[in-house]
Colleague: 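Below you will find the structure I want to go over with you.
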Amino acid sequence: MSNTNGIALAVKFYRKQIGIAPLGWALTVTGISGILETLPILLSLPLIRTLFLSADDVSLGAIHVSLLAYVLGLLLLLLLRLTIGIYSQYLNASTRINLLAQFRNSATESERNEHRTVYGKSIQSINFLLVGWSQFLPGLLFTTVGILLFPVFGAIIFSIVLVWFLPLRQLKRIQDRTHEKVSELQTSLDEDSSKTNRWRDTRYKAAKLDSYNKNLREFIIISTLVISLFIAHRLEVSFTGSTLLVVLMLLRGMQQLFTSYIMAQQVTALRGFLKKTAH
């Protein structure tokens, strides 16, 4: 990765710090938490289907589980999700609190005044990095599994996503340049207050681009799903009871991948500050 890559700079910043959990452990915990965030939702669907059909067991493809055992297993999974989710959230927050406390204790007053914004924004990138990873890992997992289980429908979805890639890539480039300019102007405001209006206007533009990016998620994902279902119907692709679960798995996977993309954009927006802490 280039040293101008926001995610690479955030990882480098994290690894430079002392007195916090190793990055590998933080990524493992948040990744598992992200997977367990979605898994109970998907596994509740066969239960709902079973209850509507008044069946005695839950069908997961060729696997059949008694209703009582399935409900108990799902409740245990939810309890595990709750435990790891709480720990993951606390780990993320405590890491940032420790770093802020270390900065306040080790830096002189003049250093705090000079570097408060830069260091604070760099610490903020850790939150975006971990949250993004907690969505990227399960998103990649569920999307890949969904495509493997239903390759025809997965190929249709993937083809439509490729069409979306070009405008999103262009929007990302504009967004990256705008946030880079915001970072440059913000770090020089104390020295030259005449740049305040330029900073404000550039910040407005960045906020507008952020709002486009965040609110495009549901539009792109749902429209992709609807168009894919229509094309699959026209091609007379066969849908069975189990494929509904796979379709929802693909939907959830795409949602989490897009959320991780938004978090990556947030990290990129802080690249200017991360560059300063890299030296």
Side-chain angles (χ1 to χ4, degrees), residues 1-38 78-140 176 179-180 182-190 203 206-207 210 214 256 259-279:
M1 289 185 179
S2 168
N3 63 356
T4 59
N5 182 281
I7 294 176
L9 289 170
V11 169
K12 182 178 180 180
F13 173 77
Y14 189 105
R15 286 177 169 166
K16 283 171 57 180
Q17 311 309 313
I18 58 174
I20 58 175
L23 180 60
W25 175 246
L27 293 177
T28 299
V29 171
T30 53
I32 293 174
S33 177
I35 293 172
L36 293 178
E37 175 186 337
T38 292
L78 285 170
L79 182 60
L80 179 63
R81 155 61 189 153
L82 177 64
T83 303
I84 295 182
I86 291 172
Y87 176 65
S88 174
Q89 183 77 19
Y90 175 75
L91 180 65
N92 187 342
S94 62
T95 295
R96 289 177 284 123
I97 292 170
N98 284 338
L99 292 180
L100 285 172
Q102 289 176 22
F103 176 69
R104 292 178 182 275
N105 288 331
S106 61
T108 63
E109 183 176 354
S110 61
E111 288 175 334
R112 286 199 298 271
N113 292 334
E114 182 180 358
H115 300 293
R116 182 186 296 114
T117 299
V118 172
Y119 198 76
K121 292 291 185 180
S122 298
I123 291 175
Q124 189 179 21
S125 73
I126 291 177
N127 177 52
F128 295 137
L129 177 68
L130 296 179
V131 172
W133 174 253
S134 75
Q135 297 299 300
F136 175 77
L137 182 61
L140 181 63
D176 288 352
H179 277 294
E180 186 78 13
V182 170
S183 298
E184 292 174 1
L185 290 170
Q186 186 161 336
T187 53
S188 62
L189 282 180
D190 292 337
R203 188 75 181 269
D210 287 345
K214 291 179 181 178
Q256 291 187 289
T259 301
S260 70
Y261 164 74
I262 293 172
M263 291 297 103
Q265 292 304 299
Q266 298 299 317
V267 175
T268 300
L270 302 174
R271 183 172 54 184
F273 301 104
L274 287 164
K275 284 182 179 178
K276 295 182 181 299
T277 59
H279 302 298

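Residue numbers run from 1 in the order of the sequence given. In this text, all values refer to a predicted model and were calculated from it rather than measured experimentally.
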Colleague: Output the distance between atom CG (L270) and atom CD (Q265), rounded to the nearest 0.5 Å.
Modeller: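 Between L270 CG and Q265 CD, I get 11.5 Å after rounding to 0.5 Å.
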Colleague: For a side chain to side chain donor-acceptor pair (under 3.5 Å) check, start with the C-alpha distance between Q124 and Q266, then their side-chain angles and the critical distance, and finish with the verdict.
Modeller: CA-CA 9 Å; Q124 189 179 21; Q266 298 299 317; over 6 Å; no
Colleague: Mind checking the CG-CH2 spacing from N92 to W133? Nearest 0.5 Å is all I need.
Modeller: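 Here the interatomic distance stands at 15.0 Å.
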Colleague: Minimum heavy-atom separation for V267 to G6, with atom names?
Modeller: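 Looking at all heavy atoms of both residues, the closest pair is CG1-O, 3.4 Å.
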Colleague: If you define the side chain from C-beta out and look only at heavy atoms, does anything of R15 sit under 4.5 Å from P22?
Modeller: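 The answer is no, as the side chains (C-beta and beyond) never meet within the 4.5 Å cut-off.
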Colleague: Say whether, by atom type as modelled, one donor and one acceptor occur between the side chain of S33 and the main chain of V29 under 3.5 angstrom.
Modeller: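 Absent.
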Colleague: Would you name the heavy atoms of A21 and Y14 that are closest together and state the gap between them?
Modeller: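 Answer, listing the atom of A21 first, then Y14: O-OH, 2.7 Å.
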Colleague: Minimum heavy-atom separation for G139 and Q256, please, with both atom names.
Modeller: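 What the structure gives for the nearest pair is CA-CB, 3.8 Å.
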Colleague: List for me each residue that meets side chain to side chain donor-acceptor pair (under 3.5 Å) alongside Q89, sequence neighbours excluded, and say none if there are none.
Modeller: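 Listed in chain order: nothing, the list is empty.
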Colleague: Got a second to check how far I126's CD1 is from R96's CZ, nearest 0.5 Å?
Modeller: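 The distance works out to 8.5 Å.
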Colleague: Would you indicate whether the side-chain heavy atoms of L129 and M263 approach each other to under 4.5 Å?
Modeller: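 A side-chain contact under 4.5 Å is absent here.
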Colleague: Between the main-chain N or O of G85 and the side-chain N or O of S88, is there a donor-acceptor pair closer than 3.5 Å?
Modeller: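 No, the answer is negative, given that no donor and acceptor are paired below the 3.5 Å cut-off.
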Colleague: What distance do Q135 atom CD and I35 atom CD1 have between them, rounded to the nearest 0.5 Å?
Modeller: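 Rounded to the nearest 0.5 Å, the CD-CD1 separation comes to 11.0 Å.
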Colleague: Just by distance, do the side chain of S94 and the backbone of L91 share a donor-acceptor pair under 3.5 Å?
Modeller: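 Yes, S94 side chain to L91 backbone: donor-acceptor pair under 3.5 Å.
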Colleague: With sequence neighbours left out, what residues match A269 under side chain to side chain contact (heavy atoms under 4.5 Å, CB included)?
Modeller: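 In terms of side chain to side chain contact (heavy atoms under 4.5 Å, CB included), with neighbours along the sequence ignored, A269 is linked to H179.
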Colleague: If you compare all heavy atoms of T30 against all heavy atoms of S134, which two are closest, and at what distance to 0.1 Å?
Modeller: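 In this case the closest contact between T30 and S134 is O-CB, 3.2 Å.
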Colleague: To the nearest 0.5 angstrom, please state how far the CG atom of L36 sits from the CG atom of L78.
Modeller: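 One finds 9.5 Å between CG of L36 and CG of L78.
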Colleague: How many angstroms lie between atom OH of Y119 and atom CG of L274, to the nearest 0.5 angstrom?
Modeller: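 Those atoms lie 11.5 Å apart.
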Colleague: In terms of heavy-atom contacts, does OH of Y90 have more than 12 from other residues, nucleotides or ligands at under 6.0 Å?
Modeller: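 Open.
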Colleague: Quick check: closest heavy atoms across A10 and S125, and the distance to 0.1 Å?
Modeller: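 The pair with the smallest heavy-atom distance is CB-OG, 3.9 Å.
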Colleague: Do side-chain atoms of Q17 reach the backbone of F13 as a donor and acceptor pair under 3.5 angstrom?
Modeller: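 Judged by distance alone, yes, a pair lies under 3.5 Å.
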Colleague: Please name all residues satisfying side chain to side chain donor-acceptor pair (under 3.5 Å) with Y261, sequence neighbours left out, ordered by chain then number.
Modeller: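 Y261 satisfies side chain to side chain donor-acceptor pair (under 3.5 Å) with no other residue.
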Colleague: Can you confirm whether R81 is buried at CZ, in the sense that more than 12 heavy atoms of other residues, nucleotides or ligands lie under 6.0 Å from that atom?
Modeller: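 Counting neighbours around CZ of R81, more than 12 heavy atoms of other residues, nucleotides or ligands fall under 6.0 Å, so yes.
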Colleague: Could you check if a side-chain atom of R271 sits within less than 4.5 angstrom of a side-chain atom of L9, using non-hydrogen atoms only?
Modeller: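 Side chain of R271 against side chain of L9, heavy atoms only: contact under 4.5 Å found.
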